[in-house]
Amino acid sequence: MSGFDKTWLALREPADRRARHGGLLDALASYVRGLPDPLVLDIGCGTGSTWRSLAGRLPAGARWLMLDNDPLLLDEAARRIGRDAGVTFRRHDLNDIDALPLEGVGVVTASALFDLCSEPFCAALADRLASARCGLYAALNYDGTMRWTPSHPLDAQMVALFNSHQHTDKGFGPALGPDAAVCLARHLAARGFTVRVEDSPWHLDAESAELQAQLLEGLRRPLLEISDLPEATVDGWLEYRLGAIGTPGGSGLVGHADLLALPA
Ligand SMILES: C[S@@+](CC[C@H](N)C(=O)[O-])C[C@H]1O[C@@H](n2cnc3c(N)ncnc32)[C@H](O)[C@@H]1O
């Protein structure tokens with residue numbers, strides 16, 4: 001079980017949808033249209049956000065295999081997508097990369113996954129993708145950028161601390177955190193893939209108040225775990241940031257990168 005909460009995934013999904021890089025989505029759709037019998041493998045599928053973002057753009061006959069190690073999220077994905085839409089749901093721990101079912105798969109997709117992963121995981125996945133001549137669309141990899149207006153003197157320190165915490169083990173060994181897209185791109189390019197990486201930031205305004213609040217509240221535990229800052233300092237900063245949500249001129253940006261790697 002991963003501990004990702006379906007409520008959090010539902011909250012971030014609209015912001016993710018707006019953030020996905022349109023040019024990469026178009027390029028991916030065009031690639032899949034050229035495949036004879038397209039099968040898409042979505043890894044770390046959660047409740048199916050990637051499927052919902054892509055299904056309308058891909059050929060109607062495209063089949064999907066959705067993998068996650070969390071049975072509750074898989075159940076929720078099946079409930080929301082339905083079981084007769086050419087979509088199969090399977091429990092799989094991605095750490096078992098040798099058993100990743102790539103037979104017949106044209107493209108692997110993932111969203112908000114690779115910042116949790118380690119470099120050895122990315123290298124092993126790149127090997128398997130290269131052997132199978134399979135493309136990869138990896139969206140919404142956190143890139144280490146968080147900015148807010150109005151600013152606070154502790155913003156940069158808090159982001160730096162959070163980014164250090166992003167490198168701690170999230171179930172795959174030492175996590176790449178903000179380095180994920182660059183590392184993945186390097187491993188895939190070294191194996192002959194044509195790789196594009198594009199920015200896909202969340203632009204957070206008053207309409208995404210709940211997302212901003214939960215994002216900030218989710219920083220508290222990592223900040224206290226990674227630093228010896230007094231709780232009162234972290235809480236004071238959070239109180240300021242939470243208070244700024246929805247105020248005139250109050251906004252935020254969280255940086256991500258989307259990657260599309262296609263076999264040569
Ligand atoms: C941040 S969520 C993203 C979910 C979904 N792709 C989305 O964009 O909403 C990360 C997902 O990776 C899954 N995950 C984490 N570790 C995993 C593992 N070892 N094997 C399979 N799935 C894993 C989690 O269960 C979760 O669904």
Side-chain angles (χ1 to χ4, degrees), residues 1-21 24-25 28 40-55 57 64-81 87-102 105 107-122 124-125 128 136-143 162 165-178 180-181 184 200-202 208 210-211 214-215 218-219 221-222 254-260:
M1 294 266 296
S2 63
F4 284 93
D5 171 30
K6 69 178 183 185
T7 311
W8 165 249
L9 296 183
L11 191 57
R12 64 172 292 167
E13 186 167 334
D16 284 344
R17 178 89 58 105
R18 287 191 296 275
R20 289 174 189 272
H21 189 272
L24 289 196
L25 286 171
L28 170 67
V40 182
L41 174 66
D42 190 33
I43 59 174
C45 65
T47 67
S49 169
T50 307
W51 181 88
R52 282 183 289 281
S53 291
L54 290 178
R57 291 176 175 258
W64 286 72
L65 175 53
M66 316 284 285
L67 299 190
D68 206 286
N69 66 341
D70 185 329
L72 297 178
L73 294 180
L74 276 176
D75 282 350
E76 179 68 3
R79 188 188 70 76
R80 292 188 62 183
I81 293 171
V87 186
T88 305
F89 305 89
R90 190 180 301 172
R91 193 171 180 192
H92 182 93
D93 183 347
L94 292 171
N95 284 292
D96 189 358
I97 205 152
D98 290 341
L100 198 64
L102 290 180
V105 172
V107 177
V108 171
T109 60
S111 300
L113 177 70
F114 284 97
D115 37 46
L116 307 175
C117 298
S118 61
E119 178 157 13
F121 174 85
C122 289
L125 178 66
R128 291 249 17 233
L136 177 68
Y137 168 70
L140 298 154
N141 305 289
Y142 173 60
D143 75 358
F162 177 68
H165 193 278
Q166 288 290 97
H167 288 293
T168 60
D169 191 339
K170 307 289 189 297
F172 294 90
L176 286 162
L184 202 47
S200 54
W202 284 351
S208 48
E210 184 58 24
L211 176 64
Q214 289 215 15
L215 173 72
L219 300 183
R221 185 186 54 78
V254 178
H256 302 101
D258 290 359
L259 172 150
L260 180 66

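One is the number of the first residue; the rest follow in order along the sequence. As the structure lists them, so they are numbered: ligands from 1, and atoms in each ligand from 1.
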Taking distance alone, with N or O pairs closer than 3.5 Å, would you say [X] contacts ligand 1?
| X | value |
| --- | --- |
| Leu94 | yes |
| Thr50 | no |
| Ser111 | yes |
| Asp93 | yes |
| Gly44 | yes |
| Asp16 | no |

For this session: Could you label the plane-to-plane angle of the Phe114 and Phe121 rings as parallel, tilted or perpendicular, counting under 30° as parallel and over 60° as perpendicular?
Result: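 Judged by the thresholds at 30° and 60°, the geometry between Phe114 and Phe121 is tilted.
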As an exercise, identify every atom of ligand 1 less than 4.0 angstrom from a heavy atom of [X].
| X | answer |
| --- | --- |
| Leu73 | 25 (O), 27 (O) |
| Leu113 | 12 (O) |
| Cys45 | 5 (C), 6 (N) |
| Asn95 | 19 (N) |

For this session: Considering non-hydrogen atoms only, spot the tightest contact between Ala19 and Pro201 and give its length.
Result: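 Heavy atoms of Ala19 and Pro201 come nearest at CB-O, 3.3 Å.
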For this session: Check Ser200 against Asp258 and note the closest heavy-atom contact, atom names and distance.
Result: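 The pair with the smallest heavy-atom distance is OG-OD1, 2.6 Å.
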Exercise. Just wondering, more than 12 heavy atoms not from Arg57 lying within 6.0 Å of its CZ?
Worked result: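 Correct, the count exceeds 12.
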Problem set entry | Test item: side-chain donor near acceptor, Arg17 and Ser49, under 3.5 Å |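 There is no such pair (donor and acceptor under 3.5 Å, judged by atom type) between the side chains of Arg17 and Ser49.
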Exercise. Can you find a side-chain donor-acceptor pair between Ser111 and Arg20 that sits under 3.5 Å?
Worked result: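 Arg20 and Ser111 do have a side-chain donor-acceptor pair below 3.5 Å.
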Exercise. Below 4.5 Å, heavy atoms only, C-beta onward: do Arg80 and Arg52 meet side chain to side chain?
Worked result: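 The answer is yes; the side chains approach within 4.5 Å.
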Problem set entry | Heavy-atom check, side chain of Thr50 versus side chain of Leu54, under 4.5 Å |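 Thr50 vs Leu54: side chains touch.
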Exercise. Quick one: does His92 get within less than 4.0 Å of ligand 1, heavy atoms only?
Worked result: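 Right, His92 reaches ligand 1.
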